[in-house]
2 protein chains.
Amino acid sequence: MSKDFPGLLKEKGLKNTPTRRAILDVFSADCKPINAEYIHEKLKKSDINLVTIYRTLESFEEAGILKRVSLNKASSYYELAANHHHHLICTNCGTVEGFKECDIGDVSRKALKDSKFQTVSGHSLELFGKCKKCAKA
Amino acid sequence: MSKDFPGLLKEKGLKNTPTRRAILDVFSADCKPINAEYIHEKLKKSDINLVTIYRTLESFEEAGILKRVSLNKASSYYELAANHHHHLICTNCGTVEGFKECDIGDVSRKALKDSKFQTVSGHSLELFGKCKKCAKA
DNA sequence: CTCATAGGTGCAATATACTTGCATTTGCAT
DNA sequence: ATGCAAATGCAAGTATATTGCACCTATGAG
């Protein structure tokens, strides 16, 4: 995972501002899906407006810097897109753990076959279950 | 897909009301993920309160009658749980198409192996891409 | 280096999606 | 038939996200 945020922003045609670097830092520090509120909390010293965070998340997603993650929660969660992986989500306590295993090429190909779709460019896969702690109880 | 809604409701310990049968009818008629607003619109003749729809969706999900679908949209979408499948979602026009192919047992097993998780009880898989119509343009 | 400008940010207001409290009604077991 | 728990409607409230507008700043052209 590169941390050349100024370079990344320039490459995507986005301005290199302190606010944006700070937001990218938060993503880089916490390797888990996070939402706008979480970033706001982490950066409360810097007093960054929540509106700005929402707008930044939106433009980062458009630029392909971030990926929106489907966690079936009320608010939207994001992760760095470069760090592709999936999640195990505990249906009891909500713990989220990432995993890299991601061999869905076969499923993908079969799904396309009889569909009205031409190409598959990305996917989201989440597994729901019980973490060891909750499985005991 | 059984349409014995009274029986289904009884089995789950839920009361068999006209409102609930109407909501199940909507799910049964449209074989695609739908949200509360959509149901409200479809049932506007019956003048069912939106609050009731939200509460019904919640209790149906708890009862396992419905499954929440992750479409990365602002509102929550649901489908009949008995009808397990996944989706191809066009990143351009938003078209959603279902598919049955779903052989992720292997991925699931490998993911569990080095995790803090004990069991996997469900999953969500969405493929993003371009439908043939949008691929042309 | 300076300056113009497009893009970024903050504030206030607004919209959307959903939830809660409470009073009333209704399905259903007895 | 009837009593009660569950379901529903209404009004208000909360959480999450968006928009309009004024001001600010990074960046590239000169």
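In the text below, chain A, chain B and the rest are named by the order of the sequence lines, each starting its count at 1.
Between the NZ atom of A:K73 and the P atom of C:dT19 there is a distance of 15 Å, rounded to whole Å. Atom CG in A:L50 sits about 15 Å away from atom P in D:dT19, given to the nearest Å. Rounded to an integer number of Å, the gap from B:I48 CD1 to C:dT26 C1' is 15 Å. Here the P atom of nucleotide D:dT8 and the CG atom of B:L43 are 12 Å apart, to the nearest Å. The CZ atom of A:R55 sits 10 Å away from the P atom of D:dG20 (whole-angstrom rounding). The CZ atom of B:F5 sits 19 Å away from the C1' atom of C:dG27 (whole-angstrom rounding). Put simply, CD1 on A:I53 is 12 Å from P on C:dC11, counting in whole angstrom units. Rounded to whole Å, atom P of D:dA22 lies 17 Å from atom CG of A:N49.
Using modelled atom types, one side-chain atom of B:H86 and one backbone atom of B:L125 make a donor-acceptor pair closer than 3.5 Å. Using modelled atom types, one side-chain atom of B:R20 and one backbone atom of B:K15 make a donor-acceptor pair closer than 3.5 Å. Judged purely by atom type and a 3.5 angstrom limit, B:T91 has no side-chain atom pairing as donor or acceptor with the backbone of B:K130. With hydrogens and angles disregarded, no donor-acceptor distance shorter than 3.5 Å links the side chain of A:D30 to the backbone of A:K32. Not a single donor-acceptor pair under 3.5 Å links the side chain of B:S28 to the backbone N or O of B:L24.
Of the residues in residues 8-24 of chain B, those lying under 4.0 Å from DNA chain D by heavy-atom distance are B:L14, B:K15, B:T17, B:T19, B:R20.
The number of heavy-atom neighbours closer than 6.0 Å to NZ of B:K10, taken from other residues, nucleotides and ligands shown, is 12 or below. Heavy atoms from other residues, nucleotides or ligands lying under 6.0 Å from NZ of A:K132 number more than 12. Crowding of A:K116 atom NZ: a count of heavy atoms from other residues, nucleotides or ligands under 6.0 Å not exceeding 12.
Put simply, OH on B:Y38 and CD1 on B:I53 are 12.5 Å apart, with the number rounded to the nearest 0.5 Å.
A salt bridge does not link B:R21 to B:D25: none of the charged nitrogens lies less than 4.0 Å from a carboxylate oxygen. A salt bridge does not link B:R55 with B:E58: every distance from a Lys NZ or Arg NE/NH1/NH2 to an Asp or Glu carboxylate oxygen is 4.0 Å or more.
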Restricting both atoms to N or O, compile the protein contacts to nucleotides 15-17 of chain C shorter than 3.5 Å, with distance only.
none

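In the helix from C:dC1-D:dG30 to C:dT30-D:dA1, the terminal helix axes, each the rotation mapping four pairs' C1' atoms onto the next four within five end pairs, subtend 40°, rounded to 10°.
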